[in-house]
Amino acid sequence: MFTCNFPEGLRVLVFVENLQTLLSLEKHLQDFQYKVTRCQEGAGAMHLLRNHMNKFDIAIIEAQNSTVDIFRLISEIASEIDLPIIITSKDDSVQSVINWMKIGVCDYLIKPIRPEDLRFIFKHVVKKMQVGKRVESEEKATAEKSSSVGDSTIRNPNKRKRSMFIDGQVGEKDQDHVRDSTTKKRRVVWDNELKKKFLDAMEDLGPEAVPKKILERMNVVGMTRENVASHLQVTFLLLLTMASLN
């Protein structure tokens with residue numbers, strides 16, 4: 001549970017093998033009033049992620065290490081870890097960023113890490129909380145709809161619209177307006193599975209990765225071109241940020 005002074009007190013697990021780098025990261029994080037648990041061994045970091053995840057709000061994990069294949073292990077336990085994970089690496093290639101994003105990491109920091117790179121890591125925790133609340137709200141709304149009684153057409157405007165189409169009460173132009181308004185209201189929760197499909201489509205299409213073609217390649221029911229275009233913009237911004245750090 002966060003304090004009223006959030007993000008002060010943010011609980012951060014940091015795994016880096018080099019002690020000097022680890023202590024430097026710890027100091028920078030503590031300067032922002034974050035609570036740091038440091039780990040110098042890959043096996044220890046994975047043990048904490050698997051068995052004591054609730055003690056942390058976010059993790060910063062070194063990609064390259066001599067004792068554990070972090071990529072493989074995080075891939076294996078990605079479905080178990082409900083925790084934002086930031087990867088640190090010397091590899092500044094776009095392909096490396098894409099590979100890590102596919103397995104669900106929330107950010108990728110190029111070494112050497114600067115203090116300003118760490119100041120706003122709490123945004124990933126906030127985003128996770130927002131997604132969780134949105135999913136919970138949608139599940140609650142679905143449950144309420146399924147258990148509701150009475151006039152279902154009042155509770156479900158879309159059903160009324162379908163009935164109007166059948167009865168011929170809505171003209172062709174009105175139908176287009178209804179479709180547009182319904183589409184605009186759709187929200188997509190970009191979970192790890194959707195992100196992987198998106199990145200796979202981008203990788204397959206290469207230079208031809210435009211929203212329409214990505215949408216076709218993903219083949220996700222309910223997904224719109226606008227959803228894809230919006231996420232594509234966010235992804236490009238991340239990649240451009242990575243490029244600017246070179």
Side-chain angles (χ1 to χ4, degrees), residues 1-3 6-30 32-91 95-111 113 117-136 139 189-200 238:
M1 192 65 76
F2 300 120
T3 67
F6 178 84
E8 291 182 12
L10 191 76
R11 302 169 301 173
V12 187
L13 169 65
V14 182
F15 159 55
V16 176
E17 281 191 323
N18 182 276
L19 181 58
Q20 184 177 353
T21 304
L22 181 60
L23 293 175
S24 176
L25 282 175
E26 180 183 40
K27 180 183 182 304
H28 292 321
L29 290 164
Q30 289 176 340
F32 302 129
Q33 306 303 312
Y34 296 157
K35 292 178 63 177
V36 181
T37 298
R38 65 175 190 257
C39 187
Q40 216 177 334
E41 297 180 355
M46 289 302 101
H47 174 77
L48 289 172
L49 284 174
R50 279 184 182 276
N51 302 293
H52 301 284
M53 183 184 66
N54 292 334
K55 293 183 178 180
F56 309 105
D57 302 309
I58 193 166
I60 299 176
I61 306 292
E62 182 180 48
Q64 290 88 9
N65 65 89
S66 58
T67 57
V68 177
D69 183 349
I70 294 294
F71 187 89
R72 179 178 61 81
L73 287 177
I74 291 183
S75 297
E76 289 176 358
I77 63 177
S79 60
E80 305 171 28
I81 299 178
D82 186 25
L83 187 76
I85 295 178
I86 297 173
I87 290 298
T88 70
S89 176
K90 292 181 179 178
D91 186 350
Q95 188 58 54
S96 181
V97 177
I98 289 176
N99 288 341
W100 282 102
M101 288 178 65
K102 279 183 180 179
I103 65 170
V105 305
C106 67
D107 207 347
Y108 187 98
L109 301 179
I110 304 284
K111 295 180 181 179
I113 309 300
D117 294 330
L118 303 171
R119 179 184 295 273
F120 298 108
I121 61 172
F122 68 86
K123 67 184 179 182
H124 300 296
V125 179
V126 173
K127 183 178 179 181
K128 172 182 171 290
M129 293 168 60
Q130 290 173 337
V131 170
K133 287 181 180 179
R134 190 183 307 161
V135 171
E136 183 180 345
E139 288 177 347
V189 177
W190 287 91
D191 57 18
N192 290 342
E193 183 180 353
L194 271 187
K195 288 178 182 177
K196 185 179 184 305
K197 285 187 176 183
F198 173 85
L199 291 168
D200 283 341
L238 174 60

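Looking at heavy atoms from C-beta onward, Leu49 lies out of side-chain contact with Leu73 at the 4.5 angstrom threshold. Using a 4.5 Å heavy-atom cutoff, the side chains of Thr37 and Lys55 are not in contact. Residues Phe15 and Ile70 have side chains in contact (heavy-atom distance under 4.5 Å, counting atoms from C-beta outward). With a 4.5 Å cut-off on side-chain heavy atoms, Ile121 and Leu10 count as touching.
With sequence neighbours excluded, the residues that form a side chain to side chain donor-acceptor pair (under 3.5 Å) with Thr21 are Asn18. Residues meeting the side-chain contact (heavy atoms from CB on, under 4.5 Å) test with Leu194, sequence neighbours left out: Val188, Trp190, Asp191, Met218, Val220, Met223. Taking Gln64 as the reference, Ser89 meet the side chain to side chain donor-acceptor pair (under 3.5 Å) condition, with sequence neighbours excluded. Remark: Arg119 pairs with Phe32 by the side-chain contact (heavy atoms from CB on, under 4.5 Å) rule, at least two apart or across chains. By the side-chain contact (heavy atoms from CB on, under 4.5 Å) test, Glu41 pairs with no residue at all, sequence neighbours left out. Judged as a side-chain contact (heavy atoms from CB on, under 4.5 Å), and not counting sequence neighbours, the contacts of Gln33 are Glu8. Listed by chain and number, the residues in a side chain to side chain donor-acceptor pair (under 3.5 Å) with Lys27 are Asp31 (sequence neighbours excluded). Residues forming a side chain to side chain donor-acceptor pair (under 3.5 Å) with Asn51 (at least two apart in sequence, or on another chain): His47. Scanning for salt bridge (charged side-chain N to carboxylate O under 4.0 Å, His left out) contacts around Glu26 gives Arg38, with sequence neighbours left out.
Panel note: side chain Glu17, backbone Gln40; no donor-acceptor pair is recorded below 3.5 Å. Proximity of a side-chain donor or acceptor of Arg11 to a complementary backbone N or O of Asn54 within less than 3.5 Å is detected. Put simply, the side chain of Ser24 never gets that close to the backbone of Gln20: no donor and acceptor are under 3.5 Å apart.
When each of Val14, Leu118, Leu29, Ile58 is tested with Tyr34 by the rule side-chain contact (heavy atoms from CB on, under 4.5 Å), just one qualifies, namely Leu29.
Scanning both residues, Gly9 and Asp57, for their nearest heavy atoms gives O-OD2, 4.3 Å. A pairwise comparison of heavy atoms in Ala59 and Leu83 identifies CB-CD2, 4.0 Å as the closest pair.
Atom SG of residue Cys39 and atom CD of residue Glu62 lie 11.0 Å apart, to the nearest 0.5 angstrom. Note: Thr88 OG1 to Ile113 CD1 = 5.5 Å, rounded to the nearest 0.5 Å. Remark: Ile60 CD1 to Asp107 CG distance equals 9.5 Å, nearest 0.5 Å.
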Report, one line per pair, each donor and acceptor closer than 3.5 Å where one atom sits in a side chain of residues 96-103; sequence neighbours left out.
residue : atom : partner : partner atom : Å
Ser96   : OG   : Tyr108  : OH           : 2.7
Asn99   : OD1  : Gln95   : NE2          : 2.9
Asn99   : ND2  : Gln95   : O            : 3.3
Lys102  : NZ   : Asp200  : OD1          : 2.9
Lys102  : NZ   : Glu203  : OE1          : 2.3

